[in-house]
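Whatever order the structure lists ligands and atoms in, that order sets their numbers, starting from 1.
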Amino acid sequence: MRIADKNATRAILERHGFTFKKSFGQNFLTDTNILQKIVDTAEIDKNVNVIEIGPGIGALTEFLAENAAEVMAFEIDDRLVPILADTLRDFDNVQVINEDILKTDLQTRIKDFANPDLPIKVVANLPYYITTPILMHLIESKIPFAEFVVMMQKEVADRISAKPNTKAYGSLSIAVQYYMTAKVAFIVPRTVFVPAPNVDSAILKMTRREQALVEVEDVDFFFRVSKAAFVHRRKTLWNNLTSHFGKSEEIKAKLETALEAAELKPSVRGEALSISEFGKLADALLAAGIK
Ligand code: SAM
């Protein structure tokens with residue numbers, strides 16, 4: 001029987017007297033078909049190392065360990081460590097690391113893979129309360145992950161994969177899509193978890209681009225500009241830029257020059273700009289002396 005089998009999960013939880021901690025976002029998967037679909041979507045084989053965030057009692061870890069070269073699983077809840085030692089005892093290619101993923105030095109950790117040169121994929125059913133910080137932490141680690149295949153709230157998956165001129169499009173879409181393509185692979189109903197969360201989930205597949213979507217002078221500044229443009233969604237780009245950079249006549253003149261150079265109308269809204277247009281805008285602002 002699989003760990004994720006409903007009866008097996010119940011027996012494991014009972015045997016170890018485990019109680020769910022809401023503050024850790026603990027919703028465990030109990031559907032083996034969905035787990036198989038996740039592994040298929042991630043295209044995992046023995047030439048791939050996997051990082052998992054939040055193994056829980058090992059439902060997904062079991063599927064990953066069977067298919068991948070090695071699995072490194074980061075779990076914050078120390079009560080789960082002895083449970084994982086029990087449920088995953090048959091595998092010698094799993095390392096469970098009892099650490100908060102947001103505080104882990106991943107660059108150092110990944111050197112502990114037996115074969116650190118294999119491509120690394122991140123596959124996880126993420127704790128929903130910190131989905132965005134985790135993704136940003138992974139992206140900013142500068143580790144060249146080949147792919148992320150992760151479960152999250154459907155609404156967040158929609159925001160990350162959103163295209164311009166949609167309600168869901170925003171600085172999060174830009175932050176991720178700058179480095180990766182992002183596509184919802186499939187939707188997961190709330191009924192397949194214990195306990196059931198309040199919302200439906202989605203598996204989002206993010207694949208690293210060969211090169212970033214646009215060449216920009218200063219990536220951090222580019223992200224700052226794209227964030228600033230969405231601070232007040234209903235305001236124009238001009239209003240958001242003056243709120244962020246200042247309203248003096250000197251700054252306004254520079255902003256006008258930059259918008260003209262980037263071929264953008266001041267009355268446009270941030271949500272209408274493609275990622276390339278944001279890149280153009282950021283470079284034009286720098287060229288006009290705005291920083
Ligand atoms: N992978 C399991 C499954 O699919 O059944 C559990 C997924 S559950 C949604 C999220 C897991 O992430 C929990 O086991 C929780 O304890 C763990 N977790 C929460 N915050 C974490 C953090 N900051 N670092 C590492 N693990 C975390």
### Query
Which atoms form the tightest heavy-atom contact between Gln26 and Phe18, and what is the distance?
OE1-CZ, 3.4 Å
### Query
Got an N/O contact under 3.5 Å between Asn125 and ligand 1?
yes
## Note on the structure
One should read off an interatomic distance between Glu43 CD and Lys121 NZ, to the nearest 0.5 angstrom, of 5.5 Å
## Note on the structure
shortest atom 24 (N) of ligand 1-to-protein heavy-atom contact is with Ile101 N, 3.0 Å
### Task
Note the single closest protein heavy atom to atom 18 (N) of ligand 1, along with its residue, its atom name and the distance in Å.
Ile76 CG2, 3.6 Å
### Query
Who's closest to atom 12 (O) of ligand 1 heavy-atom-wise, of Ser23, Gly54, Ala124?
Gly54
### Query
Where is the tightest heavy-atom contact between Thr131 and Tyr128, given as atom of each residue plus distance?
OG1-O, 3.3 Å
### Message
Are more than 12 heavy atoms, taken from residues, nucleotides or ligands other than Asn198, located less than 6.0 Å from that residue's CG atom?
### Response
no
### Protein contact of atom 14 (O) of ligand 1 - nearest heavy atom, named by residue and atom, plus distance
Glu75 OE1, 2.7 Å
### Message
Assigning hydrophobic clusters by single linkage (Ile, Leu, Val, Met, Phe, Trp, Tyr; side-chain heavy-atom cutoff under 4.5 Å), is Val268 placed with Val231?
### Response
no
### Task
Please work out which of Phe63, Phe24, Tyr128 has its closest non-hydrogen atom nearest to atom 19 (C) of ligand 1.
Phe24
### Query
Applying a 4.0 Å heavy-atom criterion (strictly less than), which segment of Pro55 is in contact with ligand 1: side chain, backbone, both, or neither?
backbone
### Message
With side chain to side chain contact (heavy atoms under 4.5 Å, CB included) as the criterion, how do Ile143 and Ile51 come out once you've worked through the C-alpha distance, each side chain's angles and the decisive distance to 0.1 Å?
### Response
CA-CA 12 Å; Ile143 295 168; Ile51 288 186; 5.9 Å; no
### Message
The test is salt bridge (charged side-chain N to carboxylate O under 4.0 Å, His left out); show your working for Asp86 and Arg15 and say whether it passes.
### Response
CA-CA 11 Å; Asp86 170 25; Arg15 188 160 73 239; 2.9 Å; yes
### Query
Can you list the atoms of ligand 1 that are under 4.0 Å from a heavy atom of Leu126?
9 (C)
### Message
Please list, in number order, the atoms of ligand 1 under 4.0 Å from a heavy atom of Glu99.
### Response
24 (N), 25 (C)
### Task
Give a yes/no verdict on whether any heavy atom in Glu52 is under 4.0 Å from an atom of ligand 1.
yes
### Task
Quick one: closest heavy-atom pair of Ala162 and Gln177, and the distance?
O-NE2, 2.9 Å
### Query
Which atoms of ligand 1 are found less than 4.0 Å from any heavy atom of Leu80?
14 (O)
### Task
Report the relative orientation of the aromatic rings in Phe222 and Tyr178; use parallel for angles under 30°, tilted for 30 to 60°, perpendicular for over 60°.
tilted
### Task
Give yes or no for whether the N/O distance cutoff of 3.5 Å, strictly under, is met between Asn27 and ligand 1.
no
### Task
Step by step, work out the side chain to side chain donor-acceptor pair (under 3.5 Å) result for Arg79 and His16.
CA-CA 9 Å; Arg79 301 172 307 152; His16 293 274; over 6 Å; no
#### Entry: For ligand 1, the portion of Tyr129 having any non-hydrogen atom under 4.0 Å away
side chain
### Message
Can you classify the ring geometry of Phe28 versus Phe20 as parallel (below 30°), tilted (30 to 60°) or perpendicular (above 60°)?
### Response
perpendicular
### Query
In terms of residue, atom name and distance, what is the protein heavy atom nearest to atom 10 (C) of ligand 1?
Gly25 O, 3.6 Å
### Option nearest atom 5 (O) of ligand 1 (shortest heavy-atom distance, choices Ile3, Leu29, Asp100)
Leu29
### Query
Do any nitrogen or oxygen atoms of Leu102 lie less than 3.5 angstrom from nitrogen or oxygen atoms of ligand 1?
no
### Message
So if I count the atoms of ligand 1 from 1 in the order they appear, which ones are less than 4.0 Å from some heavy atom of Gln26?
### Response
13 (C), 15 (C), 16 (O)
### Query
So is Lys37 actually on top of Phe186's ring, under 6.0 Å and inside 45° of the axis?
yes
### Message
Between ligand 1 and Thr61, can you find any atom pair, the residue atom being a heavy atom, that is separated by under 4.0 Å?
### Response
no
### Region of Met151 that comes within reach of ligand 1 [heavy atoms, distance under 4.0 Å]
neither
### Message
Please work out, at 4.0 Å between heavy atoms, whether the side chain, the backbone, both, or neither of Phe74 comes within that distance of ligand 1.
### Response
backbone
